[in-house]
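Inspection log for the structure reproduced underneath, given as structure tokens.
Protein chains get the first letters and strands the later ones, always in sequence-line order, with residue 1 at the start of each. Because the structure is a prediction, the values reported are computed rather than measured.
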Amino acid sequence: MDCHAAMRGRGGGFSYSHAAVIGSRCGQPVGCRRAAASTAMELLSDQGLRLDGRRPDELRNIRCKIGVFSQADGSAYIEQGNTKVLATVYGPHQPRGQAKNKFLFDEALVNCQYSMAVFSTGERKRRPRGDRKSQEMSIHLRQALEAAIRTELYPRSQIDIYVEVLQADGGNYCACVNAATLALVDAGVGLREYAVACSASLANGEIPLVDVSHLEESTGGPNLTVAALPISGQVALMEMSQRFHCDHLPKVLERALEGCKDIHRILDEAVRKHVEETGRASGWGQVDRAGIVL
Amino acid sequence: MAGVLLSEAEKTFILHGVQSDLRNDGRSKQDYRPMELELDIVTHANGSARVRLANTDILVGVKTEIDVPKPEKPDEGKIEFFVDCSANATPEFEGKGGEDLATEISNFLSTSFNSGLSFDLKSLCILKEIQCWKLYVDILILECGGNLFDAVSLAVKAALHNTMVPRVETMAMDGGNVDLQLSGDPYDCWRLDIKNVPCLVTLTKIGEHLIVDPTAEEENCSMASLVLAVTEDGRINSLSKTSVGSFHPHTLTEGLKVGTEVGIRLNKALKEALEKEEKRLQADKPERSGFLK
Amino acid sequence: MSNIRIRLASERVNPSLTFGEEGAPQLFTPGETITENQRVMSGHGTYMDEDNKEVLRASVAGTVERVNQLICVRPIKCRYMGEIGDVVVGRITEVQQKRWKVDTNSRLDSVLLISSVNLPGGELRRRSVEDEQMMRKYLQEGDLVSAEVQSVFSDGSLSLHTRSLKYGKLSQGLLVKVSPSLILRRKNHFHNLLCGASIILGNNGLIWIYPTSPEDESGVGGFTQNLEQVIDKEDRERIARLRNCVLALSASKFMLFDTSIQYAYEESSNYSLKELLAPECMLDVAFRTRHRLQSYRDA
């Protein structure tokens with residue numbers, strides 16, 4: 001499905017958004033709402049393949065790096081398909097600035113900010129943050145992460161979590177939660193378990209799809225986003241857009257939770273690899289009697 | 001920029017170091033810290049670049065849009081700068097915290113680019129008085145390690161070099177409306193001419209000496225800085241004094257001389273790096289490091 | 001004339017030193033079950049599962065340490081968690097009624113009580129009202145101090161003291177920040193290195209490098225400073241080289257202690273001071289240091 005072809009076929013009188021589409025360098029379909037609405041696209045083809053060639057229960061390719069920046073206490077970068085997110089964690093630290101008097105006596109104050117780079121979407125965004133959507137996302141982010149962080153360990157402290165979406169191609173919130181979890185692990189913040197988020201949709205009214213891309217989102221299919229703690233199975237956040245019959249809700253939810261478990265496995269592997277690599281370099285902090293690092 | 005607190009003793013140490021031309025990290029007054037460049041990082045943009053200057057990390061994306069030219073400049077295109085100080089860099093940039101700094105940087109860039117000498121805005125004109133290209137240069141500051149102006153200008157110049165503007169194939173006039181048809185081939189584009197685009201050089205005054213590429217600690221010790229926009233052939237496009245301190249005219253003229261020399265070398269180093277990166281990108285499947293490596 | 005060089009990201013070196021010899025100790029990640037033995041106690045980095053009281057889970061990613069029945073998990077990187085007797089380097093953030101607030105890179109600011117410092121005039125002098133008013137004369141916001149952790153408050157913040165001559169306000173020198181987990185816990189954190197400069201390895205990850213003063217005592221202690229004194233160029237070069245070596249070791253996540261820093265200094269003599277800023281040279285220095293330490297161990 002080539003978006004460029006769709007736009008070209010419509011004839012003259014292009015508006016400026018076309019320039020933005022042509023400008024995209026990758027050959028993959030760029031999420032453009034106009035083409036999607038005009039042509040009827042099937043979320044699931046007859047062969048059982050989705051718009052980007054995946055199967056219904058297949059996640060997008062996930063790549064991540066832990067420890068990207070040196071100044072922050074913890075940082076991580078994640079790529080889920082074409083969605084790219086950077087997360088940094090500062091803390092736990094003494095509350096400073098505006099939060100100086102807002103601290104809590106028996107637990108840590110968790111502060112999140114969701115921001116999207118102006119060039120992250122196909123059509124240029126006017127403002128990176130401060131609009132209602134970003135504020136809502138910041139609140140949702142906090143909800144999911146507070147369920148995972150053991151805030152009782154850090155009374156009167158503040159933990160700042162900042163996420164920056166560098167490229168948005170669907171599942172932005174999920175990628176943000178996953179990146180934030182990795183950054184928290186990098187910072188050594190005590191967690192009950194990983195906070196993992198995944199989205200799911202419904203195709204043809206009955207087949208659940210996992211890890212929804214922007215193209216699939218904008219074709220108007222229903223979208224269920226779930227943030228969960230995968231080991232205990234607890235759901236920290238659930239959000240749904242569009243509508244589908246409540247009979248289908250359990251299986252879409254189940255698919256999303258399974259997606260969370262799969263993502264958890266991938267993130268855990270990345271964390272282990274990182275800890276092993278770093279630990280080896282520092283000799284695991286072990287010293288023999290001669291005072292020499294083993 | 002707020003940031004590190006320093007004790008009087010530390011400031012004295014830095015001051016004496018600058019006086020004997022041996023800074024805290026061993027550099028002389030005119031040395032830059034190691035820099036790193038990568039092009040073509042943001043896929044949604046027409047051109048992009050990432051520059052790392054030691055700790056400072058800048059990501060720039062350039063997007064093109066078709067717009068109507070300004071009535072007083074009917075045959076010129078437009079260029080607009082937007083700087084976003086991400087909270088990733090420091091918690092002080094949360095919310096609107098980084099806006100002052102962002103405005104300062106984007107205003108200075110606008111001044112130096114709209115002077116007409118650095119960038120040929122006429123090349124962005126499509127149809128006089130009716131249509132022109134507008135370039136949105138969006139700068140994202142991911143980490144601050146001192147010397148933001150220089151790093152930002154390097155990233156902006158690199159991103160503009162990397163920008164592919166779509167080619168206009170046909171134009172049909174229909175009454176007052178113009179029907180533009182852009183080339184169907186996504187690779188049929190033209191590149192911007194960045195020969196005269198300046199690089200910014202920050203000269204920070206510590207004591208009575210001027211240093212280039214200050215770290216965050218050195219910036220804290222200084223009361224005044226001079227920012228010069230220097231082109232490849234050593235011309236100064238614009239100039240700004242930042243901070244509250246003052247310059248002696250003698251220091252000022254010396255600063256212009258030093259800044260020009262450093263600017264020429266900086267432009268040259270960038271040009272070499274851009275050529276190398278272009279060659280690498282032309283390979284079959286160039287590896288993208290981005291943030292993953 | 002200096003050279004300005006811009007590298008490409010594709011040429012970036014990976015700073016981690018990989019050695020495949022030793023097997024890794026057992027790693028745990030947040031949420032993972034450590035053991036289901038009832039009789040263990042949960043230490044740092046672990047917690048008892050709320051639903052199933054027998055299961056002990058890890059809450060950070062790291063290696064496990066077991067002392068009898070107490071199980072802890074040590075993360076590879078985290079904010080400084082103070083212990084009594086630690087040596088720290090901190091920066092004064094606030095001057096309050098009878099105490100100073102010190103930023104020691106921990107989760108809460110530490111406290112330095114006026115009764116815990118050495119005031120001029122002798123040890124046993126009572127803290128008078130004038131002393132409280134003159135607090136700023138001794139230590140202001142932004143000043144650096146070296147101190148020892150006296151006690152830990154119930155909320156986790158630390159109480160510091162400078163009741164020994166070796167602690168006190170720090171004079172001319174330079175500060176390097178690294179992760180606290182890279183500082184090896186030793187008996188002595190004040191070192192006069194063979195290369196000719198001195199170093200304080202704060203347990204909280206702040207390292208202070210300063211010129212070795214000719215007199216032995218009151219090198220860093222007390223509250224007087226000589227700001228007129230200009231440190232000469234050779235000392236500066238040594239300090240700058242030490243700084244670059246410490247950063248090279250820290251970039252490769254190498255443990256920092258007097259021997260490793262001393263070796264790194266010696267190995268770095270192949271490079272000029274400015275060259276040490278380049279990532280390739282930093283990796284090389286760390287590699288050689290590691291090699292040298294290993295050869296001493298095997299010898």
**Asked** Do A/F119 and B/L140 come close enough that some side-chain heavy atom pair is under 4.5 Å?
**Response** yes
Checked B/D138, B/V62, B/L142, B/V60 vs chain A; the most non-hydrogen pairs under 4.5 Å come from B/D138
Distance col, row A/E79:CD vs B/L292:CG, nearest 0.5 angstrom, shows 4.5 Å
Are any of the side-chain heavy atoms of A/R124 and B/F82 separated by less than 4.5 Å?
yes
Most contact-rich option vs chain B, by heavy-atom pairs under 4.5 angstrom, among A/I161, A/V89, A/L166, is A/L166
Between the CG atom in B/L59 and the CD atom in A/E164, the distance rounded to the nearest 0.5 Å is 9.0 Å
Checked A/R96, A/K65, A/R63 vs chain B; the most non-hydrogen pairs under 4.5 Å come from A/K65
When the 4.5 angstrom heavy-atom criterion is applied to A/Y90 and chain B, the contacting part is side chain
Counting heavy-atom pairs under 4.5 angstrom with chain A, the leader among B/G61, B/P91, B/S86 is B/P91
### Task
Would you check if B/V42 and A/K84 make a side-chain contact, meaning some heavy-atom pair closer than 4.5 Å?
no
Contact list (residues 149-157 of chain B to chain A, heavy-atom gap under 4.5 Å, by number) returns none
Can you confirm whether B/K78 is buried at NZ, in the sense that more than 12 heavy atoms of other residues, nucleotides or ligands lie under 6.0 Å from that atom? yes
Assert top hit (heavy-atom pairs under 4.5 Å, partner chain B, pool A/A117, A/S70, A/A168, A/S134) equals A/S70
So, the part of A/S75 with a heavy atom under 4.5 Å from chain B: the answer is neither
Do B/T43 and A/Q167 pair up side chain to side chain, a donor and an acceptor below 3.5 Å, judged on atom types alone?
yes
Turns out that what part of B/I41 lies under 4.5 Å from chain A's heavy atoms comes down to backbone
Within a strict 4.5 Å, meaning less than it, do heavy atoms of the A/Q71 and B/T90 side chains meet? no
message = So does A/E123 get a backbone contact from the side chain of B/K63, meaning a donor-acceptor N/O pair under 3.5 Å?
response = no
Ordered numerically, the heavy-atom neighbours of chain B under 4.5 Å found in residues 268-276 of chain A are none
Per-residue tally against chain B (heavy atom, under 4.5 Å) across A/D160, A/V163, A/L86, A/V68 peaks at A/L86
The interface call for B/N88 against chain A, heavy-atom contacts under 4.5 Å, is both
Tightest non-hydrogen contact, residues A/G122 and B/H44, listed as N-ND1, 3.0 Å
Closest non-hydrogen atoms of A/R129 and B/F93, given as atom of the first, atom of the second and distance, are NH2-O, 3.9 Å
inquiry  = Is any side-chain heavy atom of B/E94 closer than 4.5 Å to one of A/N111?
reply    = yes
**Q.** Candidate pair A/R127 and B/D84, rule salt bridge (Lys or Arg N to Asp or Glu O under 4.0 Å), full reasoning
**A.** CA-CA 9 Å; A/R127 284 160 55 135; B/D84 180 18; over 6 Å; no
- Under a 4.5 Å cut-off applied to non-hydrogen side-chain atoms, are B/N55 and A/F69 in contact? no
